[in-house]
Enquirer: 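Take a look at the following structure, please.
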Amino acid sequence: MAQNGQMVYKSMNLFVSPEKFYLRPNDNENELLIIDRQTFHISLEVNRNQIPSIATSKLIHGIFGIVRLIAGPHLIVITKVSKIGEIYGQSVIKIDETEIIPFSRTTLHLTEDQIVYNKSYLNMIKLVLDSPYFYLSYSYDLTHTLQSLYNCGPDFMSKSLFERADKRFVWNLSLLADLYTKPELSAYCIPIMHGFITINAVTINRKLFIWTLISRRCINRAGTRLFMRGIDADGNPANYVETEQIVEYDSSQSSFVQLRGSIPLHWTQLPDLRYKPPPQLIQYANHMQSYTKHIDHLINNYGRVCLINLINHTGQEQPLEKAFKEIVTQSNNQFVRFESFDFHHECRKMRWYRLSVLMDRIDTELKEFGYFLMSADRTALCLQDGIFRTNCIDSLDRTNVVQGLIAKHCLENILKRFQIISGSDKLDDYDVFNNLYRNGWADNADICSIQYAGTGALKTDYTRTGKRLPIGVVKDGVNSLIRYYKNNFTDGFRQDAIDLFLGYYKVDENEGKVVKCPLKDRQEWKYLTLPIFFLASIAMFFFSLLIPTEHSTETLLYLLFWLAMVSTTLIGIFYYGSELADYPKLRDVKPKRQSD
């Protein structure tokens, strides 16, 4: 099941000459992939010593892809990797370093503006490449669950690894477009997954098994926390992640899959410098049509669906909770059940034991959905017959806590099925593995949160220890402040980077010359004056307070004046908050102000 039908090259030597790139696989030195740096032509040839002696060489571990920028195409290669473990004997690799090599040897053909814009585009690509974590396997299909691989026929399994990959989770899909359309180049095309993987060898009661956790981030509606919310017209939700828990024991394999994703309605929560801008439903969108497309996709791929909604039933989140419940009721789908649980209200004042209430409510689904189990002779003993789709407002912190509890319940059943633990045992009885399990899910929370919100997850002290600790509350406060800064002042650039990386924006090589470049600063100076006056007013207030040796009536008037200036400019800053926040430039998401 794990082997792909066609070989994928694990490593190769890249030779760079002034005219061409030559890639010679170490597994097949009689073959050369040649890329012309001037015509951009890609060909596969027999190695007849075409490589010139002046070419420089380096070992690479695969081609990430080719991205086209203003200066022309750039080749992205994988230069350093590390093995993190194996799934059914197949190596799983984390990408540690990459390199971007331009086809063009100079930028003399560019204007000064084009050089600046091209550098910004390059920085965007580097930003995504440096985000944690990208994974690959040269022989195992990381993009599919064990159950979906089991259900595939021999024709599907005979295809190349890239051709058969689940394209929802292939982050270099657009970057490899010049290669994967040519069947003869299939051995050079490696599907790369973004998300989180941990693989751990565990011994309980003298029985060794492998516990693996995989979170796959979807490329559809990918982006940052406040710029990517809700669902699109095709039924793709933001922050959509498929998480699979795998247990391997005595040549048998078990798998349990869960989903997370933004509330499947059309809604926004664009940054405007407020700490929590209110989420807003898009009134004239066809919520039912998009929701139905999303649910149909889930049913077709996973079976029955249990929607677990963890957002607040009061305050800013209340309209979304009400609208979500209404649309599920109106759709009246017999394969869908909606479970709404006000996480913050139920677990307020550190009452985390109240999560047992939610677990009791979904107990029927926990029993009926089951898990996938395959014996050593590749026979499916049971199938997972449904999916838990969990969300909170961000589908990060609260969501991860609940997913960890659901997965733990399933894992206990699997270990009992394998007779690793007895029927009366709980995972909590095994301190070493319980600690490993908690930290694995906490690491998963942190990475998923960094990829979407820019910081580590909140509430991970509970995930790691099973308790809510004061130090955890302080850490959450710090992360919340960092999130606020990044979401308001750096995420526009990060959203542009993701859109460019995934091919949702195509760079025109004439940008900055005959075509206007969207990176051209659109910030109006009238909005920049507000922060300047605000800082100046604060400085003058403290200057008036601290400098005088005696405080007179005149000094008091100065203090009141500058305090009034601070207040006035602060009001102005928040009024024009969406203008001052860092918004994407490669897509139009900024709300239109009626009058300025």
Side-chain angles (χ1 to χ4, degrees), residues 1-8 62 84-95 133-173 176 180 186 189-199 210-220 222 236 240-248 252-261 297-303 305 369-375 378-389 407 410 414 444 448:
M1 181 189 68
Q3 297 289 342
N4 58 298
Q6 301 179 28
M7 179 176 60
V8 175
I84 63 169
E86 295 182 353
I87 298 178
Y88 206 70
Q90 310 300 312
S91 296
V92 177
I93 307 297
K94 179 170 69 71
I95 297 175
Y133 291 115
F134 287 100
Y135 301 91
L136 61 86
S137 175
Y138 300 104
S139 56
Y140 181 78
D141 189 347
L142 287 174
T143 66
H144 282 97
T145 65
L146 289 181
Q147 182 163 315
S148 63
L149 287 174
Y150 176 83
N151 290 330
C152 295
D155 291 341
F156 177 85
M157 298 302 290
S158 66
K159 296 178 180 179
S160 69
L161 203 59
F162 194 92
E163 186 181 6
R164 77 183 203 208
D166 188 334
K167 301 305 186 288
R168 295 177 300 165
F169 306 117
V170 179
W171 274 67
N172 59 338
L173 180 64
L176 279 181
Y180 73 74
S186 61
C189 297
I190 306 170
I192 294 174
M193 190 204 88
H194 192 218
F196 174 78
I197 302 178
T198 181
I199 302 173
I210 307 297
W211 175 72
T212 299
L213 193 64
I214 304 176
S215 280
R216 308 173 176 96
R217 295 191 64 80
C218 183
I219 66 172
N220 299 321
N236 298 308
Y240 184 74
V241 182
E242 179 186 80
T243 299
E244 181 179 21
Q245 177 176 260
I246 299 173
V247 178
E248 299 178 52
S252 297
Q253 289 179 292
S254 178
S255 163
F256 178 69
V257 181
Q258 297 183 74
L259 299 174
R260 72 175 70 190
H297 167 81
L298 298 187
I299 293 172
N300 290 335
N301 282 273
Y302 304 101
V305 181
F369 288 178
Y371 49 83
F372 174 71
L373 177 61
M374 184 168 56
S375 63
R378 320 314 292 161
T379 300
L381 302 179
C382 56
L383 300 175
Q384 185 173 340
D385 191 34
I387 197 80
F388 290 100
R389 184 204 189 275
C410 180
I414 291 169
N444 178 69
C448 287

Enquirer: I'd like to know if the side chain of S137 and the backbone of S91 have a donor-acceptor N/O pair within less than 3.5 Å.
Expert: yes
Enquirer: Counting distance only, does the side-chain N/O of R389 pair as donor-acceptor with the main-chain N or O of G261 below 3.5 Å?
Expert: yes
Enquirer: In terms of side-chain heavy atoms, does S255 have a donor or acceptor partner in Q147 at a distance below 3.5 Å?
Expert: no
Enquirer: Could you tell me which non-hydrogen atom of Y88 sits nearest to which non-hydrogen atom of E248, and how far apart they are?
Expert: N-OE1, 2.9 Å
Enquirer: If every non-hydrogen atom of L173 is compared with every non-hydrogen atom of Y180, which pair is closest and at what distance?
Expert: O-CE2, 3.1 Å
Enquirer: Should C152 and R164 count as side-chain neighbours, where that means a heavy-atom distance under 4.5 Å?
Expert: no
Enquirer: What's the spacing between I197 CD1 and N444 CG if we round to 0.5 Å?
Expert: 10.5 Å
Enquirer: Using side-chain heavy atoms (C-beta onward) and a distance below 4.5 Å, is Y371 in contact with V247?
Expert: no
Enquirer: Do you know which two heavy atoms are closest between E86 and G89, and how far apart they sit?
Expert: OE1-CA, 3.5 Å
Enquirer: At what distance, to the nearest 0.5 angstrom, does OG1 of T212 lie from CD of E244?
Expert: 9.0 Å
Enquirer: Is it true that the side chains of Y150 and Q253 contain a donor and an acceptor less than 3.5 Å apart?
Expert: no
Enquirer: With respect to E242, which candidate in I387, V257, N301 satisfies the side chain to side chain contact (heavy atoms under 4.5 Å, CB included) definition?
Expert: V257
Enquirer: Just so I know, are the side chains of L149 and Y140 near enough to count as touching, which here means a heavy-atom distance under 4.5 Å?
Expert: yes
Enquirer: Does Q384 use its side chain to pair, donor to acceptor, with the backbone of G386 at less than 3.5 Å?
Expert: yes
Enquirer: Would you compute the distance between atom OG1 of T198 and atom OH of Y133 and round it to the nearest 0.5 angstrom?
Expert: 10.5 Å
Enquirer: Please report the C-alpha distance between V305 and L259 in whole Å, then the side-chain angles of each, then the deciding distance to 0.1 Å, and finally whether the side-chain contact (heavy atoms from CB on, under 4.5 Å) criterion is met.
Expert: CA-CA 10 Å; V305 181; L259 299 174; over 6 Å; no
Enquirer: Compute the centroid of each ring, for F369 and then for F388, and state whether the two points are separated by less than 6.0 Å.
Expert: yes
Enquirer: Any side-chain donor-acceptor pair under 3.5 Å between S375 and S252?
Expert: no
Enquirer: Just verifying a value: how many Å separate E163 CD and S158 OG, rounded to the nearest 0.5 Å?
Expert: 8.0 Å
Enquirer: Which of these, H144, M193, R168, sits in a side chain to side chain contact (heavy atoms under 4.5 Å, CB included) with R216?
Expert: M193
Enquirer: Taking W171 for its side chain and R217 for its backbone only, find out whether a donor-acceptor pair lies under 3.5 Å.
Expert: yes
Enquirer: I'd like to know whether I84 forms a side-chain contact (heavy atoms from CB on, under 4.5 Å) with Y135, so could you lay out the CA-CA distance, the side-chain angles of the two residues, the decisive distance to 0.1 Å, and finally the verdict.
Expert: CA-CA 10 Å; I84 63 169; Y135 301 91; 3.6 Å; yes
Enquirer: Using the rule given for side-chain contact (heavy atoms from CB on, under 4.5 Å), can you reason through M374 versus L146, listing the C-alpha separation, both sets of side-chain angles and the distance that settles it, and then say yes or no?
Expert: CA-CA 9 Å; M374 184 168 56; L146 289 181; 5.6 Å; no
Enquirer: Under a 4.5 Å cut-off applied to non-hydrogen side-chain atoms, are I214 and I246 in contact?
Expert: yes
Enquirer: Taking all non-hydrogen atoms of both residues into account, name the closest pair between A380 and L383 and its distance.
Expert: CB-CD2, 4.1 Å
Enquirer: I219 and V170: which non-hydrogen atoms are nearest, and at how many Å?
Expert: CG2-O, 3.5 Å
Enquirer: Roughly how far apart are C189 SG and F162 CZ, rounded to 0.5 Å?
Expert: 6.0 Å
Enquirer: When rounded to the nearest 0.5 angstrom, what distance separates CG in L373 from CG in L381?
Expert: 4.5 Å
Enquirer: Looking only at heavy atoms, what is the nearest atom pair of Y138 and V8, with distance?
Expert: O-CB, 3.8 Å
Enquirer: So does F372 get a backbone contact from the side chain of S254, meaning a donor-acceptor N/O pair under 3.5 Å?
Expert: yes
Enquirer: Please check: side-chain N/O of N172 versus main-chain N/O of I190, any donor-acceptor pairing under 3.5 Å?
Expert: yes
